[in-house]
Asker: 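Supplied in structure tokens, the structure appears directly below.
Every number for a ligand or one of its atoms is a count from 1 in the order of the listing. Computed from a prediction, not measured in an experiment: that's the story for all the values here.
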Amino acid sequence: MSVRVRLAPSPTGNLHIGTARTAVFNWLFARHHGGQFILRVEDTDLERSRPEFTENILAGLTWLGLNWDEGPFYQSKRLDLYRDAIRTLLDKGLAYRAYDTPAELDAMREAQKAKSQAPRYNNQHRHLTPDQQANYEAEGRPAVVRFKIEDGRTIRWKDLVRDTMTWQGSDLGGDMVIARAASGDSIGQPLYNLAVVVDDIDMKITHIIRGEDHIANTAKQVLLYEALDAAVPEFAHTPLILNQAGAKLSKRDGVTSIFDFKQMGFTAEALDNYMTLLGWSPPDAEERFTLAAAAKKFSFDRVNKAGAKFDWDKLDWLNSQYLHEIPPTELIEKITPYWQEAGYKFDPVADRDWLEAIAALIGPSLTRLPDAVELGHFYFSETLPFSEAAEKQLQQPDVAPVLQAVLEALKDAPAFETIAEAKTLIDQVTQAQGVKKGLIMRSLRAALMADMQGPDLIDSWLILHQRGFDQPRLQAAIALATA
Ligand code: GLU
């Protein structure tokens, strides 16, 4: 049997981390078994589904590299299939039309509440006589189609994460609505649980991998498989993603769409790697891997039942590891949009080599891509305002003549392109001025970087020199030192 799994997102919002992690587990399982990963867009909720959400979901999966083998299929284009299945259930007597009005259903719930009972449909239209039914139809009452759920039924299925699962029919809220707005012979609008099962049967899905928030649906769906004479697939209910406080991760935790992560400067590779670790641990305790490498080792034996806490520090750490490995020639493509947004002035084509030198220098210090804005700010303007610490350094004794000597030496230097040339110049000035090397290095940092902290001084100097920014900065520093 060839493994066939699917991701079935509803386009009622952007691709969020929960669905993306479900996609990752489906992808890993499919690739591990050489099976098929199918994408099905569950857009039957006409009021809440939007084409822009579908686009966001497809683009997000593509950005993450979670390629699918079949689809995307759209449930909105498959309604006839669901209606046929509903007809079959009606014909078999396993489903029926119910005509309860919203007011009647409310009254039912109120009465149950008054008796401290859980709300459920009391199945009161299960046995309408043909006359009663005809009267309701004649009244023009809208109907729903309900699928019979026997209270006494025990439902069992095999769960790859949770072993054998059992559920009582009496806990499923009574006969379930599988279509709305049915009237006469028309079936109306098929609903989620029915459509999912019909599709999963039709698409020959062997394993259903989805979040544990679907467990109650699974119990209902198992009954539908049986009613439709289909084999029940295996299920894997994956743990929820929790915030640090242990609650389900939500928008309030600062994440909505996968593209928020992109915007925050995470790479797809790091996010994939991190999502894989959200609930799964590899057998070799390796923490960094590509999706393809994880697929080789992936199994549900090592997926936890307990919720997976979202750990920003771990994601940051992984992201930094990935960023540090990207060669400057590629890194620059990822960084320049942030620099442009920050208003830094440069020509992406003409300044390419110069930009790459900055990327090479600051790359190893990046945790998230936007860090390049702070780390890069040293290089894009002729002068910079001095920080307090830099000012303090520049006001130390001996600083002005030392910087003046550097400036003179720089003007005389035939070439100033290599680290060796910069070091020679510093050594010469140190000797000629008879000062400590530490003083000259600290003063140079204050002068050139306008701060006492930042990227490597000599590399930075060479970068600034290429732009002709080092001399004006030295001049500004000398002016301050002599003021
Ligand atoms: N459409 C459902 C959702 O987005 C998923 C259904 C499923 O995986 O069975 O939550």
Asker: Taking the six-membered ring of Tyr322, is NZ or CZ of Arg288 closer than 6.0 Å to its centre and within 45° of its axis?
Answerer: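 Yes, Arg288 lies over the aromatic ring of Tyr322.
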Asker: Please examine the side chains of Lys297 and Glu286, heavy atoms only from C-beta on, and report whether any two atoms are closer than 4.5 Å.
Answerer: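 Yes, their side chains come closer than 4.5 Å.
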Asker: Give me the one residue out of Trp280, Phe310, Phe266 that meets ring-ring contact (aromatic ring centres under 6.0 Å, His included) with Tyr274.
Answerer: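 Going through Trp280, Phe310, Phe266 one by one, the ring-ring contact (aromatic ring centres under 6.0 Å, His included) with Tyr274 is satisfied by Phe310 alone.
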Asker: Between Arg210 and Thr218, do the side chains contain an N or O donor and an N or O acceptor separated by less than 3.5 Å?
Answerer: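 Result is yes, a qualifying pair exists.
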Asker: Anything under 30° is parallel, anything over 60° is perpendicular, the rest tilted; go ahead and classify Phe298 against Phe300.
Answerer: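 Taking Phe300 first and then Phe298, their aromatic rings stand perpendicular (interplane angle over 60°).
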Asker: Sequence neighbours left out, what pairs pass side-chain hydrogen bond (donor to acceptor under 3.5 Å, both in side chains) with at least one residue falling in residues 3-15?
Answerer: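 Output for this query lists Arg4-Glu70, Arg6-Asp200, Asn14-Asn56.
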Asker: Can you pull every nitrogen or oxygen pair between ligand 1 and the protein closer than 3.5 angstrom?
Answerer:
unit_1	atom_1	unit_2	atom_2	d
ligand 1	1 (N)	Ala8	O	2.7
ligand 1	1 (N)	Ser10	OG	2.9
ligand 1	1 (N)	Glu42	OE1	2.6
ligand 1	4 (O)	Ser10	N	3.3
ligand 1	4 (O)	Ser10	OG	3.2
ligand 1	8 (O)	Arg6	NH1	2.9
ligand 1	9 (O)	Arg6	NH2	2.7
ligand 1	9 (O)	Tyr192	OH	3.1
ligand 1	9 (O)	Arg210	NH1	2.6
ligand 1	10 (O)	His214	NE2	3.0

